[in-house]
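Reading through the structure tokens given below for one structure.
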Amino acid sequence: MNPATPVRVRFAPSPTGFLHVGGARTALFNWLWARHTGGVLVLRIEDTDAERSTEEMIRGILDGLEWLGIDWDEGPHYQSRHGDRHREAAASLVRSGSAYACFCTVEELAAEREAAIARKESYVYSGRCRRLDASESARRVADGEPHTIRFAVPAGETAWEDVVHGRTSFENRTIGDFIVVRSDGAPVYNLAVTVDDLDMRITHVVRGDDHISNTPKQILIYRALGVEPPVFAHVPLILGPDKSKLSKRHGAVAVTAYRDQGYLSDAFVNFLALLGWSAGDDREVMTRAELVEAFTLERITGKSAVFDVEKLEWLNGQHLSRLSGAELAAVARPWFTRAGVASDEEIEARGEWFEDLIALVKTRSRTLHDLVEQGRPFFPGPVEYQADAVEKFWKDPVAADEALTVAQQYAAAEDRWGELEAMEARLRALADERGVPAGKVMQSLRVALTGQRVSPGIFETMAAMGREVVDERLAAARAWLAARATDGRTS
RNA sequence: GGCCCCAUCGUCUAGUGGCCUAGGACGUAGCCCUCUCAAGGCUAAAACACGGGUUCGAAUCCCGUUGGGGCCA
């Protein structure tokens with residue numbers, strides 16, 4: 001391959017209705033390589049004549065790609081529309097003697113296979129029809145006798161220099177004369193892929209390891225067609241926690257499920273890139289631009305990788321925290337409205353406040369979902385006292401109420417609202433005066449204000465909530481505690 | 001079963017013959033910070049599957065075994 005040839009890669013999913021994690025990573029690697037080299041990414045939907053793609057079936061894939069920010073330069077092309085080209089190529093293979101018509105019936109082939117099994121040999125087609133006289137073969141085809149077209153695999157071995165695995169080779173006799181066109185005229189996968197890749201002038205085929213055994217067949221076709229095959233890079237598979245191929249059993253398969261769970265596109269892309277690839281230095285948290293800049297096919301590992309959700313969560317938290325309040329607010333806003341925390345108008349009316357709020361809670365959140373739960377109490381309205389918070393800080397309702405009394409007195413007297421340090425100093429002084437530990441007051445206050453056991457610093461919380469909300473929440477909390485104390489019951 | 005791929009801490013990985021008493025990250029444990037929880041900082045436990053070679057010297061090269069995975073049947 002001429003090194004000056006501009007890179008052309010392709011992502012060729014079958015229209016399964018969604019983009020799964022493995023496919024997403026393959027797409028990503030192709031995209032990264034195209035962007036890194038300034039090349040072209042072609043999108044091709046690998047439907048077949050048998051199962052033509054419907055709008056609905058490809059939408060899932062396009063949705064996934066869109067969320068990941070993977071854009072393509074050509075396509076989508078549809079494999080099913082190139083059937084004529086595939087058959088044309090098959091015909092030319094027959095003409096050049098690289099393929100032949102096979103008239104063996106299903107029964108005959110089954111018998112061959114059984115005989116092979118009985119002899120404890122692995123089955124490959126015997127090549128019986130290959131020995132047929134050319135004129136006889138042509139006559140039978142002309143007579144309309146049902147037949148497939150088989151590739152005449154030559155003796156020897158087929159090898160290639162895989163970018164990921166190094167030299168990889170197959171003994172041709174283990175391949176056997178494979179079918180390229182079925183008896184109904186439908187081109188077989190390996191032929192279709194090869195012809196399409198050829199027509200689209202693909203220079204690098206970057207795909208999953210599960211295609212390794214297809215590669216020798218495709219290389220054979222390329223050569224028979226008189227062209228040099230492209231560069232192959234077989235990327236190892238992504239495994240589930242039990243080390244088997246990632247599947248539905250392991251939770252979400254469609255990448256959009258991760259979007260819906262509150263992961264950031266950038267974080268997910270970063271995570272996917274790190275599955276089977278590394279920059280070579282110690283960088284892990286990387287932006288899209290950094291990934292594009294650092295990505296090379298040579299640095300892809302040959303070993304399959306287990307999908308580790310915990311690392312994804314951590315990475316997401318990292319990306320979340322690195323966004324500014326304003327940037328994150330834009331992403332988070334629909335999450336708040338969808339969760340019913342506030343309307344779009346309400347957030348719009350307090351845009352700057354909302355951005356500050358997001359900045360306040362982001363380090364405590366790993367997903368957008370966390371962000372909503374953290375931010376929720378800052379909006380007006382009643383809060384729900386969560387069981388774990390009550391258990392931890394309001395175990396004793398009387399003591400809790402005592403602490404809140406101090407808090408209430410403090411809030412009523414506070415005249416430097418918003419000045420964090422001054423607020424803290426005053427509250428501590430007042431707590432001292434009343435003989436109540438300041439820590440108790442603050443913790444009790446946290447439950448009263450947020451209903452949760454986790455929140456930002458209590459003064460930041462108060463400042464962000466505003467005096468009115470704080471007053472309301474304190475009154476409500478005291479009423480709740482009083483009711484519980486007379487009740488004598490625990491929750 | 002045949003063919004092919006793979007083999008470093010639980011997980012993701014760095015490592016391409018000496019820089020390795022094997023580095024980083026997630027997770028785990030502890031400490032610091034501290035009004036909670038995160039974040040942040042520090043520390044700890046934790047790996048070269050096994051056996052043979054090659055070499056002055058192997059995580060690194062070769063062979064075999066074992067184990068995992070994929071494709072086909």
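Letters A, B, ... are given to chains in the order of the sequence lines, protein chains preceding strands, and every chain is numbered from 1.
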### Task
Using the side-chain contact (heavy atoms from CB on, under 4.5 Å) rule, pick out the option among Leu445(A), Thr450(A), Leu427(A), Val441(A) that qualifies with Ile458(A).
Leu445(A)
### Task
Using the C1' atoms only, state how far G15(B) lies from C48(B), rounded to an integer number of Å.
10 Å
### Message
Give me the distance, rounded to whole Å, that separates A44(B) from G51(B) when you measure between the C1' atoms they each carry.
### Response
34 Å
## Note on the structure
Whole-Å distance, Leu109(A) CG to A73(B) P, equals 12 Å
### Query
Taking only side-chain nitrogens and oxygens of His165(A), does any of them come within less than 4.0 Å of OP1 or OP2 of C4(B)?
no
### Residue met sooner reading RNA chain B from 5', once Thr174(A) and Gln374(A) are mapped to nucleotides
Thr174(A)
### Task
Provide the distance between the two P atoms, one in C50(B) and one in C9(B), to the nearest whole Å.
10 Å
### Message
Rounded to whole Å, how long is the line connecting atom CG of Leu328(A) with atom P of A38(B)?
### Response
20 Å
### Message
By the 4.0 Å heavy-atom rule, please label Arg299(A) as base, sugar-phosphate, or nothing.
### Response
sugar-phosphate
### Query
Considering only the P atoms, how many Å lie between A38(B) and A45(B), rounded to the nearest integer?
24 Å
## Note on the structure
When rounded to whole Å, the CD1 to C1' distance for the pair Ile458(A) and A38(B) reads 15 Å
### Arg453(A) side-chain N/O to C35(B) phosphate OP1/OP2 under 4.0 Å
no
### Query
Quick one: are the ring centres of Phe336(A) and Phe354(A) less than 6.0 Å apart?
yes
### Task
Take atom CZ of Phe271(A) and atom P of A25(B), then tell me their distance rounded to the nearest Å.
17 Å
### Interatomic distance where CG belongs to Leu371(A) and P belongs to A39(B) [whole Å]
15 Å
### Message
Taking only the C1' atom of each, what is the distance from A22(B) to C32(B) in whole angstrom?
### Response
29 Å
### Message
Rounding to an integer number of angstrom, what distance separates U21(B) and G27(B) when you compare their P atoms?
### Response
29 Å
### Query
At under 4.0 Å between heavy atoms, what does Glu460(A) touch on the DNA or RNA strands: base, sugar-phosphate, or nothing?
nothing
### Message
If I take atom NZ in residue Lys303(A) and atom P in nucleotide G69(B), what distance separates them, rounded to the nearest angstrom?
### Response
14 Å
### Task
Check whether any side-chain N or O of Asp266(A) sits under 3.5 Å from a backbone N or O of Arg288(A) as a donor-acceptor pair, and report yes or no.
no
### Task
Using the C1' atoms only, state how far U66(B) lies from C19(B), rounded to an integer number of Å.
33 Å
### Task
Using atom CD of Gln452(A) as one end and atom C1' of C37(B) as the other, report the distance to the nearest whole Å.
10 Å
### Residue that, paired with Arg150(A), satisfies side-chain contact (heavy atoms from CB on, under 4.5 Å) out of Val180(A), Leu93(A), Asp177(A)
Asp177(A)
### Query
Using a cut-off of 4.0 Å on non-hydrogen atoms, how would the nucleic acid contact of Ser455(A) be classed: base, sugar-phosphate, or nothing?
base
### Task
Determine, using ring centers only, whether Trp31(A) and Phe11(A) are less than 6.0 Å apart.
no
### Task
Report which part of the nucleic acid Thr168(A) touches: base, sugar-phosphate, or nothing (heavy-atom distance under 4.0 Å, all strands).
sugar-phosphate
### Query
Looking across every strand, which nucleic acid part, if any, lies under 4.0 Å from Arg366(A) by heavy atom: base, sugar-phosphate, or nothing?
sugar-phosphate
### For Leu449(A), the option from Val469(A), Val383(A), Val470(A) that meets side-chain contact (heavy atoms from CB on, under 4.5 Å)
Val470(A)
### Task
Just name whichever nucleotide pairs with U28(B), Watson-Crick or G-U, keeping both distances under 3.5 Å, else none.
A44(B)
### Lys/Arg-Asp/Glu bridge criterion (N-O < 4.0 Å) met for Glu228(A), Arg223(A)
yes
### Query
What does Lys392(A) touch in the nucleic acid at a heavy-atom separation under 4.0 angstrom: a base, only the sugar-phosphate, or nothing?
sugar-phosphate
### Message
Rounded to whole Å, how long is the line connecting atom CD1 of Ile212(A) with atom P of G2(B)?
### Response
19 Å
### Message
Please determine whether any donor N or O and acceptor N or O are separated by less than 3.5 Å between the side chain of Arg364(A) and the base of C37(B).
### Response
yes
#### Entry: A47(B) versus G23(B) - spacing of their P atoms, nearest Å
11 Å
#### Entry: A25(B) base / Lys311(A) side chain donor-acceptor hit below 3.5 Å
yes
